Novice: 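Below is a structure I'd like to ask you about.
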Amino acid sequence: MRDRIVEYYQRKTDFIIEKYGVGNRVHFHMGYFAPPAPAVPVTLSEISLGMARAQDHLLRVAFGRWSEYSNLNGNILDVGCGLGGTSIWLAEQFGSAVTALTNIPTHFPIVAEFAESAGVGGRVRVQFGDAHTFVGGKYDVAVAIESSCYLDLDRWFGRLCELVRPGGHVLVEDVTFVGSSRRWKNSIDEYWKIDSAPVQDLLGAAVGHGFQLVDRVDITENVLPFVDWTIAWSRARSQASNSDARRLGISIREHRRFKDALLGNGVQAQLLAFQREQ
Ligand SMILES: C[S@@+](CC[C@H](N)C(=O)[O-])C[C@H]1O[C@@H](n2cnc3c(N)ncnc32)[C@H](O)[C@@H]1O
């Protein structure tokens with residue numbers, strides 16, 4: 001399973017940068033739209049720019065809320081940092097000292113280079129490792145933006161209770177599937193190489209390792225329009241070039257399925273904050 005994730009991300013890196021890469025802060029997560037969502041533009045570059053803005057907006061909403069009670073100026077562990085978008089944003093916004101943890105060898109130099117060129121190389125330290133086994137440091141906050149869905153939640157929280165200081169926080173944005181509904185799980189898991197879990201599993205793993213849920217908000221409606229933007233990008237990209245037609249076709253089909261799951265209450269997008277016991 002792990003090798004599959006590494007292979008998936010190594011193969012997808014150029015594509016992530018092409019699709020979401022505006023400047024040196026590249027996010028690979030959903031975007032947030034406050035209603036009414038704007039109409040999707042036509043050109044590839046306008047769509048990419050709009051998606052990058054919506055991804056930044058998701059961070060503003062999430063960390064705006066979380067900053068009320070967690071120490072975002074302190075030491076932060078960014079679990080599954082992707083290409084470093086969240087780590088760089090946190091260092092820029094809060095002056096945090098961020099450890100950007102990636103399990104993808106080829107992402108390590110990319111994150112370091114993006115952080116350096118964003119002028120926060122001194123505040124973002126890239127670490128290669130696996131979230132289940134990572135040791136090193138004590139953190140005020142551990143952040144996981146759409147990475148918890150890859151993890152064995154019990155093992156991960158077992159690690160977090162060593163890494164997060166008493167009273168510190170674990171802040172999660174992710175998609176969970178609802179109740180016992182497995183209708184969409186197999187195809188979504190297969191396409192994104194994840195192992196999506198019901199939110200109860202996340203809550204249970206956290207509580208089992210001494211973390212209390214302190215905040216939870218459903219953002220499904222706000223991320224829903226983002227799926228239309230990604231579909232529109234793939235459509236515009238296939239019209240612009242014949243290359244990758246098959247991959248883009250599959251992407252469109254799977255994003256439609258994902259949208260159906262969001263609309264049908266099969267999966268939910270949530271912001272979840274946990275606090276470690278004092
Ligand atoms: C959907 S991406 C999100 C990336 C980043 N958080 C962002 O929002 O741009 C999921 C991330 O989880 C990472 N990941 C998956 N399994 C992991 C593991 N076992 N240890 C560390 N990172 C992992 C992947 O490498 C990838 O960077």
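Scope of the values below: all heavy atoms of this structure, side chains included, with no hydrogens, waters or symmetry mates. Note that the structure is predicted; figures quoted are calculated from it, not measured. We're numbering straight along the sequence, starting at 1. Atoms within a ligand are numbered from 1 in the order they appear, just like the ligands themselves.
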Novice: Would you say ligand 1 has an N or O under 3.5 Å from any N or O of Ile145?
Specialist: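 Among all N and O atoms of Ile145, at least one is under 3.5 Å from an N or O of ligand 1.
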
Novice: Aromatic rings His57 and Tyr32: how do their planes relate, parallel, tilted or perpendicular, breaks at 30° and 60°?
Specialist: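 Ring orientation, 0 to 90° scale: perpendicular.
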
Novice: If you link I, L, V, M, F, W and Y whenever their side-chain heavy atoms are under 4.5 Å apart, who else ends up in the same group as Phe128?
Specialist: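 Listed partners: Phe108, Val111, Val126.
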
Novice: Counting each atom of ligand 1 from 1 as listed, which ones have a heavy atom of His27 under 4.0 Å away?
Specialist: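 Numbered from 1, ligand 1 contributes 9 (O).
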
Novice: Indicate yes or no: does an N/O atom of Cys81 lie under 3.5 Å from an N/O atom of ligand 1?
Specialist: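 Looking only at distances, the answer is no, because the N/O contact criterion of under 3.5 Å is not met.
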
Novice: Quick check for you: to the nearest 0.5 Å, what is the distance between Asp152 atom CG and Asp195 atom CG?
Specialist: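 So the gap between those two atoms works out to 8.5 Å.
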
Novice: With respect to atom 12 (O) of ligand 1, which of Gly84, Ser147, Ser148 exhibits the smallest heavy-atom separation?
Specialist: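 It is Ser147 whose heavy atom sits nearest to atom 12 (O) of ligand 1.
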
Novice: Could you list which atoms of ligand 1 come closer than 4.0 Å to a heavy atom of Glu146?
Specialist: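 Going through ligand 1 atom by atom, the ones under 4.0 Å from Glu146 are 1 (C), 2 (S), 3 (C), 10 (C).
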
Novice: Can you figure out which of Asp78, Ile16, Val143, Asn103 has its heavy atom closest to atom 17 (C) of ligand 1?
Specialist: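 Ranked by closest heavy atom to atom 17 (C) of ligand 1, first place is Asn103.
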
Novice: Which atoms from ligand 1 have a heavy atom of Leu151 less than 4.0 Å away?
Specialist: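 Numbered from 1, ligand 1 contributes 17 (C), 18 (C), 19 (N).
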
Novice: Mind checking salt bridge (Lys or Arg N to Asp or Glu O under 4.0 Å) for Arg11 and listing every partner two or more places apart, or none if nothing turns up?
Specialist: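 Testing Arg11 for salt bridge (Lys or Arg N to Asp or Glu O under 4.0 Å), a comparison that skips the adjacent residues, returns Glu7.
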
Novice: For atom 21 (C) of ligand 1, which candidate among Ala100, Ala131, Ser87 provides the closest heavy atom?
Specialist: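 Checking each option, the heavy atom nearest atom 21 (C) of ligand 1 is found in Ala131.
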
Novice: For Val6 and Pro105, work out which heavy atoms get closest and say how close.
Specialist: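 Taking Val6 first and Pro105 second, the nearest heavy atoms are CG1-CD, 4.0 Å.
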
Novice: Parallel under 30°, tilted from 30 to 60°, perpendicular over 60°: which one fits the rings of Trp89 and Phe63?
Specialist: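 Tilted.
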
Novice: Quick check: does Asp130 get an N/O under 3.5 Å from an N/O on ligand 1?
Specialist: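 Yes, there is a polar N/O contact under 3.5 Å.
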
Novice: Of all heavy-atom pairs between Arg165 and Asn71, which one has the smallest distance, and what is that distance?
Specialist: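 Smallest interatomic distance, heavy atoms only, reads NH2-CB, 4.3 Å.
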
Novice: Heavy atom to atom 9 (O) of ligand 1, shortest distance: which of Trp156, Trp89, Trp192, Phe28 holds it?
Specialist: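 It is Phe28 that holds the nearest heavy atom.
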
Novice: Enumerate the atoms of ligand 1 whose separation from the nearest heavy atom of His132 is less than 4.0 angstrom.
Specialist: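 Checking each atom against His132, I get 19 (N).
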
Novice: Within a distance under 4.0 Å of any heavy atom of His29, pick out the atoms of ligand 1 and give their elements.
Specialist: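 What qualifies from ligand 1 is 7 (C), 8 (O), 9 (O).
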
Novice: Counting each atom of ligand 1 from 1 as listed, which ones have a heavy atom of Ile104 under 4.0 Å away?
Specialist: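 In order of number, 25 (O).
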
Novice: Would you say the side-chain atoms of His209 and Asp154 include a donor-acceptor pair closer than 3.5 Å?
Specialist: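 His209 vs Asp154: donor-acceptor pair found between side chains.
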
Novice: Would you say Arg159's side chain and Phe134's backbone share a donor-acceptor pair under 3.5 angstrom?
Specialist: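 Here the side-chain-to-backbone pair exists.
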
Novice: Could you tell me which atoms of ligand 1, counted from 1 in the order shown, lie closer than 4.0 angstrom to a heavy atom of Gly82?
Specialist: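 Per the distance check, 4 (C), 5 (C), 27 (O).
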
